[in-house]
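First up is the structure itself, then whatever we jot down about it.
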Amino acid sequence: METRKPRKERTGLVVSNKMDKSVVIEVLRRVQHPKYRKFVKRTSRFMAHDEKNECNIGDTVRIMETRPLSKNKCWRLVEIIERAK
């Protein structure tokens with residue numbers, strides 16, 4: 001029997017929850033500039049599946065890669081790490 005590869009996980013901030021059972025997560029990462037060696041902020045936005053509609057804007061969440069659920073959605077919500085204040 002073959003073993004599955006571990007799924008990718010990301011931690012980010014919820015920036016939109018206007019859809020039904022979907023949220024937009026913004027993931028921030030710091031990369032070093034190849035020439036100048038300064039660290040630059042880069043952001044990526046992912047659509048994630050939120051089955052119970054429990055996320056609010058500003059929450060810090062963990063998402064995991066999954067099979068494609070729609071045209072843009074191939075991540076799902078694992079847990080809410082910190083609620084927005």
Side-chain angles (χ1 to χ4, degrees):
M1 192 167 95
E2 295 179 27
T3 57
R4 243 169 41 169
K5 290 182 183 178
R7 301 292 184 239
K8 291 179 189 172
E9 284 195 356
R10 302 281 186 265
T11 304
L13 205 66
V14 177
V15 291
S16 173
N17 66 346
K18 293 181 180 180
M19 299 153 283
D20 184 35
K21 296 188 178 182
S22 298
V23 289
V24 178
I25 314 293
E26 200 164 76
V27 176
L28 180 73
R29 59 192 176 92
R30 295 172 65 236
V31 293
Q32 196 175 36
H33 191 280
K35 182 175 180 181
Y36 300 113
R37 303 290 184 223
K38 180 178 179 177
F39 282 96
V40 185
K41 291 179 185 176
R42 295 276 181 239
T43 58
S44 304
R45 289 165 71 99
F46 299 104
M47 278 188 72
H49 185 67
D50 178 14
E51 183 63 41
K52 299 173 187 165
N53 281 325
E54 55 190 2
C55 286
N56 292 316
I57 294 174
D59 290 352
T60 304
V61 296
R62 193 163 84 233
I63 55 175
M64 180 185 285
E65 195 175 37
T66 184
R67 65 182 176 83
L69 300 170
S70 71
K71 178 183 171 184
N72 299 319
K73 204 166 41 165
C74 55
W75 295 81
R76 65 181 169 84
L77 181 71
V78 177
E79 68 169 331
I80 298 173
I81 297 170
E82 187 180 347
R83 291 273 182 194
K85 294 180 174 113

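Given the structure is predicted, the values throughout are model-derived calculations rather than measurements.
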When rounded to the nearest 0.5 Å, the distance separating CZ of Arg10 from OG of Ser44 is 8.0 Å
I need the Leu77 CG to Glu51 CD distance, nearest 0.5 Å. 10.5 Å
Strictly by salt bridge (charged side-chain N to carboxylate O under 4.0 Å, His left out), give each pair with a member in residues 76-85 just once, sequence neighbours left out. Asp59-Arg83, Arg62-Glu79, Glu82-Lys85
Tell me, do Asp50 and Lys21 make a side-chain contact under 4.5 Å, heavy atoms counted? no
To check you understand the geometry: which heavy-atom pair defines the closest contact between Val61 and Cys55, and what is its length? CG1-SG, 3.9 Å
Minimal heavy-atom distance between Ala84 and Gly58, with the atoms involved, is CB-C, 3.7 Å
Where is the tightest heavy-atom contact between Cys74 and Pro68, given as atom of each residue plus distance? CB-CA, 4.0 Å
Nearest atoms (heavy-atom pairs only) where Leu28 meets Thr43: CD1-CG2, 3.6 Å
To the closest 0.5 Å, what do you measure between NE2 (His49) and NZ (Lys73)? 5.0 Å
Would you say the side chain of Arg29 lies within less than 4.5 Å of the side chain of Val31, judging by non-hydrogen atoms? yes
Would you check if Ile63 and Phe46 make a side-chain contact, meaning some heavy-atom pair closer than 4.5 Å? yes
Transitively linked via ILVMFWY side-chain contacts under 4.5 Å: Val23 with Ile80? yes
Check whether any side-chain heavy atom of Met47 sits under 4.5 Å from a side-chain heavy atom of Leu69, and report yes or no. no
To the nearest 0.5 Å, atom CD of Glu9 lies from atom CD of Glu65 at 10.5 Å
Here the gap from His33 atom NE2 to Phe39 atom CZ, rounded to the nearest 0.5 Å, amounts to 12.5 Å
May I ask you to test the Val14-Val24 pair for a side-chain heavy-atom distance under 4.5 Å? no
For Met19 against Asn53, the heavy-atom pair lying closest together: O-OD1, 4.2 Å
